[in-house]
Structure formats: C-alpha cells, structure tokens
Number of protein chains: 2
Amino acid sequence: MNKNSAITIFESLASPVRLEVYRLLIRKGTNGMVAGEIASTLEVPPTNLSFHLKALTHAGLINVEQEGRFQRYRANLPLMLDLIAYLTDECCGGKPETCGDFSAAAICPQCSDSPSGIS
Amino acid sequence: MNKNSAITIFESLASPVRLEVYRLLIRKGTNGMVAGEIASTLEVPPTNLSFHLKALTHAGLINVEQEGRFQRYRANLPLMLDLIAYLTDECCGGKPETCGDFSAAAICPQCSDSPSGIS
DNA sequence: ACAATAATTGTAGAACAATTGAAATAACAT
DNA sequence: ATGTTATTTCAATTGTTCTACAATTATTGT
C-alpha cells in the first residue's frame, strides 16, 4: 500500500454507485455477481455500471473472472486491511504513552499497547 | 454511519493533500497540530490547506479546537471504525458457512465465525 | 488604538469525473 | 452462418472539485 493506491481506493469508493457495488459484492461473498445482475439489482444502466466496475477493478477493490459471456465480479476484502494499516501506520508517533484518549484501540496498533488502550 | 456519511469520508480522503493531512494528524495523536504547522509541514499554502481542513472537518475525520489565534486540529480515528463496520455490515450475507476463502477474518464479523476464518 | 500574526472566505479559471446513447466486441444458441 | 445476449468502449455533455490570489475576520502584543 502506498499513497497512490490509497488515493485510487478512496476515489473509487467516493461514488454512490461504486460504494453500493462494493457493499453488494461484500454481501455476496465468494459467490460474487455477474455484471448484469449487479446492473439490475442496483438499477444502473449497464454502460454506466461498466464504467464504475472498471474503476473498482483498477483500484483492486474487486476482481473479475470470465464465465462464458458473463463477467463475474467479487469483492477483494483483504485490500481494505492493507488500507487501514496504511492509515494507522505510525499512529501516535509510535509512542503508546502519548495515545491517551485517542480511543482507537481496535484500529491503532500503538493504542492497543497503551495503558489506556482498550483491548 | 450511512451512505452519505461514507461517501463524504471517502471523498475527503480521495485528495492527496487531505490524505496526507489525515495521516499526519493520526501520527500526532492526541496532541494534534495547529493549521500553520500542518501548512508548513506539508508545504501547502495556508489558503489551500484551509479549504482541505474544512472538507475533512465537515466529514468528521478531524476535529478542531480554538487556542487563542490558533486552530488545533486532531484526527477522529474512531470514525474509521464506524466506516469499516458499515462496509462489512452484512459480509457474506450473514452466512459464515459461505465465507469460504473470502479471507477477511480480521475485518468481516461473519468470516471470523466461519470454520475457515482465521482468528 | 495600531500593527502583526493566524486562519478563513470569496471568486474565477483550469482540471477532472459522471452520465448518456450509439457503436463495437465477444460468446452462445439455432 | 445468423441472430441474440452480455458487456465494454467511444465521444459528447454536464456538473464538480482544485488551486491561487485578494480580501476579510479574529486574536495578540506594543
């Protein structure tokens, strides 16, 4: 994970259509969905959906696999873990004792080690 | 957390300047930073930084507190937890047995309960 | 009161993203 | 082979966001 990848991911999820696509695919888990199903479920014209699927795929947030004339899309959830790790990389400057009320034990490695960090 | 809040958060972090501000403030933890410090650290003109700080504040990603003529900004890390919970809300349709190789145990509540989910 | 410092607001032009419809590509069925 | 279905690409239009400069507000120090 780096700055450019993170930006691309955030740009991808900053669109209502793409956010709904991503959340839908997370709900569908390993099965995923083919493009047409996504289009009819979310009531987005196929041509527009294709534009958004391309953006999500380019960001790595979803994967695509061909099935005959269908394209099956699946969410890439682990990428979200990388992104969170990138954001909280050097939380509290790596000094747990300064974390105090930062209140993000569940997300910040340093806060978890802090005396006031709730595990 | 709802769709509009999530969109606003993603839009906020989709800008290189704002992403760097947010990461910088996470590193600074509870101390935070005043606007001028952020501007000089990231080498962004104050007028432009102000524009981005407003967007981040509006999204709830950072908080601001007045200190005399300074404005001290701090990251709101817990909001990130809400966002992640929103994304993974109904992961795998709530059926752990279908999670399979979804490989997101650390982030998806259902996957964590699944036989193949790694805790 | 006056000047200096910290930060924000308003405005305008440039850059970028989203949507649409028409056309193209590719796979399948008859 | 031909027609049909699934999906993507292209081009044009519209709307939004970014940046910079000038002006403004608010606080502090003399």
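Chain letters run A, B, ... following the sequence lines, proteins first and then strands; every chain starts at 1.
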*Asks:* Pairs under 3.5 angstrom only: tabulate donor-acceptor contacts from the side chains of residues 49-59 of chain B to other protein residues two or more places apart or in another chain.
*Replies:*
residue: B:H52; atom: ND1; partner: B:R18; partner atom: NH1; Å: 3.1
residue: B:H52; atom: NE2; partner: B:N48; partner atom: OD1; Å: 3.3
residue: B:T57; atom: OG1; partner: B:L53; partner atom: O; Å: 2.6

*Asks:* Who passes side-chain hydrogen bond (donor to acceptor under 3.5 Å, both in side chains) against A:E65, sequence neighbours left out?
*Replies:*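 By the side-chain hydrogen bond (donor to acceptor under 3.5 Å, both in side chains) rule, A:E65 matches A:R74.
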
*Asks:* Is there a residue in residues 43-58 of chain A whose heavy atoms reach under 4.0 Å of DNA chain C, and which residues are they?
*Replies:*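 Within this stretch, A:P45, A:T47, A:N48, A:F51, A:H52 sit under 4.0 Å of the strand.
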
*Asks:* Would you mind listing every disulfide bond (SG atoms under 2.5 Å apart) that reaches into residues 34-92 of chain A, with sequence neighbours excluded?
*Replies:*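 Matches after skipping sequence neighbours: A:C91-A:C108.
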
*Asks:* Please list, chain by chain and in numerical order, all residues satisfying salt bridge (Lys or Arg N to Asp or Glu O under 4.0 Å) with A:E43, sequence neighbours excluded.
*Replies:*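 Not a single residue meets the salt bridge (Lys or Arg N to Asp or Glu O under 4.0 Å) criterion with A:E43.
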
*Asks:* At a heavy-atom distance below 4.0 Å, which nucleotide of DNA chain D is the first touched by chain B, and which is the last?
*Replies:*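 So the outermost contacting nucleotides come out as D:dC18 to D:dT28.
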
*Asks:* Going by atom type alone, with no hydrogens or angles, which donor-acceptor pairs under 3.5 Å involve a side-chain atom of residues 19-35 of chain A and a protein atom two or more places apart or on another chain?
*Replies:*
residue: A:R23; atom: NE; partner: B:Y86; partner atom: OH; Å: 3.4
residue: A:R23; atom: NH1; partner: B:Y86; partner atom: O; Å: 2.4
residue: A:T30; atom: OG1; partner: B:T98; partner atom: O; Å: 3.1

*Asks:* Looking at residues at least two apart in the chain, or sitting in another chain, which of them share a side-chain hydrogen bond (donor to acceptor under 3.5 Å, both in side chains) with B:R72?
*Replies:*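 side-chain hydrogen bond (donor to acceptor under 3.5 Å, both in side chains) check on B:R72 returns B:E67.
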
*Asks:* Find out if a path of hydrophobic residues (ILVMFWY) with successive side-chain heavy-atom gaps under 4.5 Å connects B:L61 to B:L42.
*Replies:*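 In one cluster with B:L61: B:L42, yes.
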
*Asks:* Would you confirm whether A:N76, through its side chain, and A:G60, through its main-chain N or O, come within 3.5 Å as a donor-acceptor pair?
*Replies:*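 Between the backbone of A:G60 and the side chain of A:N76 there is a qualifying donor-acceptor contact (under 3.5 Å).
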
*Asks:* Restricting to non-hydrogen atoms, name the atom on A:P96 and the atom on A:G94 that form the minimum distance, rounded to 0.1 Å.
*Replies:*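 Minimum heavy-atom contact is CD-O, 3.2 Å.
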
*Asks:* Near DNA chain C, under 4.0 Å by heavy atom, which residues of residues 23-42 of chain A?
*Replies:*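 None, since no heavy atom is under 4.0 Å.
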
*Asks:* Under the side-chain hydrogen bond (donor to acceptor under 3.5 Å, both in side chains) test, which residues partner A:T41, sequence neighbours left out?
*Replies:*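 None.
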
*Asks:* Going only through I, L, V, M, F, W and Y residues with side-chain contacts under 4.5 Å, is there a path from B:I62 to B:F70?
*Replies:*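 Each belongs to a different hydrophobic cluster.
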
*Asks:* Please list residues of residues 8-21 of chain A whose heavy atoms come under 4.0 Å from any atom in DNA chain C, ordered by number; otherwise none.
*Replies:*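 Heavy-atom contacts with DNA chain C come from A:S15, A:R18.
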
*Asks:* Using side-chain heavy atoms (C-beta onward) and a distance below 4.5 Å, is B:I9 in contact with B:L13?
*Replies:*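 In short, these two side chains touch, coming nearer than 4.5 Å.
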
*Asks:* With heavy-atom distances below 4.5 Å as the criterion, would you say the side chains of A:T88 and B:L77 are in contact?
*Replies:*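 In short, these two side chains touch, coming nearer than 4.5 Å.
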
*Asks:* Looking at every heavy atom in both A:A6 and A:L83, which two are closest together, and how far apart are they?
*Replies:*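 What the structure gives for the nearest pair is CB-CD1, 3.8 Å.
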
*Asks:* Give the residues of residues 59-74 of chain B touching DNA chain C, defined as any heavy atom closer than 4.0 Å, sorted by residue number.
*Replies:*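 Residues of residues 59-74 of chain B under 4.0 Å from DNA chain C: B:R69, B:F70, B:Q71, B:Y73.
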
*Asks:* Judged by atom type as modelled, is there a donor-acceptor pair below 3.5 Å linking the side chain of B:S5 to the main-chain atoms of B:M1?
*Replies:*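 Looks like no, no N/O pair under 3.5 Å.
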
